[in-house]
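Atoms within a ligand are numbered from 1 in the order they appear, just like the ligands themselves. All residue numbers in this chain count up from 1 along the given sequence.
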Amino acid sequence: MTDLDAFRSDTRAWLEANCPPEMREPMRGEKDLCWGGRNWTFQSDGQRRWLEVMAERGWTVADWPKEYGGGGLTAEEARVLKQEMARIGARPPLTSFGISMLGPALLNFGTEEQKKHYLPQIARGEVRWCQGYSEPGAGSDLAGLQTKAEDKGDHWLVNGQKVWTSYADQADWIFCLTRTSSESKQGGISFLLFDMETPGVSTKPILLISGNSPFCETFFDDVKVPKEQIVGEVNKGWDVAKYLLGHEREMIAGMGLGSGIGTGGQSVTLGGWLKPTDQFLRADIAAFDVDALAFAAMSERFAAMWKAGEAHPASPSMMKYAGTELNKRRNELVMAGGGSDTLEWDSERSKGGKAPRDWLRSKGNSIEGGTSEIQLNIVAKHILRLPGA
Ligand SMILES: Cc1cc2nc3c(=O)[nH]c(=O)nc-3n(C[C@H](O)[C@H](O)[C@H](O)COP(=O)(O)OP(=O)(O)OC[C@H]3O[C@@H](n4cnc5c(N)ncnc54)[C@H](O)[C@@H]3O)c2cc1C
């Protein structure tokens, strides 16, 4: 038996013993994902226990170093853990922008003090983070951002506005791009961290077509930020921002895998909508399945290369584009499969409207984290090296 086989059998036994039964059931809605943080209300004792036991082992961030609250697993071990969790249908114990975005950026750019302070809080789900990047005049042209941070000696004074800040009204802290110099566009940006309860921070939810308000306008009015809460050097925040965006795109690309649901046929039938008899729909599902399996294989290859530092720097853009297009197709199929039942917003037949809400939400996939057009531009320019791109 190899070491990895032994790790697999120990992991399997541990998961069997520690993953609460209700955490092995398919998720019905967004609240079934645990986001953690100061304001989080656990949906069940099982959800709380699952977070606690996984965090205790460092398995909420299995491949982070142990000294920062991680599990210290190798890439292969982390993959085995994922496979074993998928085998029993275990939900992720914790989902957060701290894990998928800020953590990797801190591991790469943070000081030792910052890593020791912020990373274990993220791993234990104690602090929920939001992302303050986009502004009313700076989305695709992100480096055009105008939120200003002035150096006031012992602190930064932040003034300005962000928009589309996901969960800003529920988050505890924000990682925020600010302008610290107007002399250079990319070279005048600094990456700050601050508490959302700091005086001068306010949020206003934006109501969406899906009926939810997952994001906000976020306002900063003379917000005082301690000097040491900068990641990387002053005016070098664009490097941190870009690195983080790579991880954000990797995370969003993962939606193409369908949250572990798998292939198109499974998505549609597991949704409980149908036994597809329509031959055209069956053909669409088959075509989707082929693409979904190819994407899953490509994702594994990408993840291995990305972790080993061998992936092309623009490859997250390629993965993000492919994964989000796939996820949109998956949701289209579920809607087609469910027929008129899935059009009902809030009924038993539509299972509380999960399918139409997910379908509408998926439309944002090709906008969030950088639009599809921008990803295609990046692929054209940096990977395909097309002229004029
Ligand atoms: C669900 C969701 C969650 C989000 N969460 C966050 C968050 O937490 N924090 C945050 O900071 N932001 C967040 N965003 C914002 C997101 O990053 C921006 O919406 C995105 O970067 C696009 O910017 P924009 O909305 O200003 O559109 P614009 O940049 O104004 O783009 C409008 C259209 O023009 C196209 N376009 C623009 N420039 C070019 C070009 N050079 N070539 C070709 N086409 C172009 C775009 O592709 C798009 O179709 C979120 C967005 C969504 C949908």
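The aromatic rings of F97 and W35 stand perpendicular to each other, their planes meeting at an angle above 60°, with 30° marking the opposite boundary. Ring planes of F175 and W129: tilted class, angle from 30 to 60°.
Classification of E332 and K363 as a salt-bridged pair holds, one side-chain N sitting under 4.0 Å from a carboxylate O.
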Ligand-protein N/O pairs under 3.5 Å (ligand 1):
unit_1, atom_1, unit_2, atom_2, d
ligand 1, 5 (N), W164, O, 3.1
ligand 1, 5 (N), S166, OG, 2.8
ligand 1, 8 (O), W164, O, 3.4
ligand 1, 8 (O), S166, N, 2.9
ligand 1, 8 (O), S166, OG, 3.2
ligand 1, 9 (N), Q131, O, 2.8
ligand 1, 9 (N), Q131, OE1, 3.3
ligand 1, 9 (N), W164, O, 3.4
ligand 1, 11 (O), Q131, O, 3.3
ligand 1, 11 (O), Y133, N, 2.9
ligand 1, 11 (O), S134, N, 2.6
ligand 1, 11 (O), S134, OG, 3.3
ligand 1, 12 (N), S134, OG, 2.8
ligand 1, 17 (O), S134, OG, 3.4
ligand 1, 23 (O), S140, N, 3.4
ligand 1, 29 (O), S140, N, 2.9
ligand 1, 29 (O), S140, OG, 2.6
ligand 1, 42 (N), N377, ND2, 3.1
ligand 1, 47 (O), T371, OG1, 2.7
ligand 1, 47 (O), E373, OE1, 2.7

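A distance of 6.0 Å or more separates the ring centres of W64 and Y68. For Y118 and W173, the distance between ring centers is under 6.0 angstrom. Note: Y243 and F109 meet the aromatic proximity criterion, with ring centroids under 6.0 Å apart.
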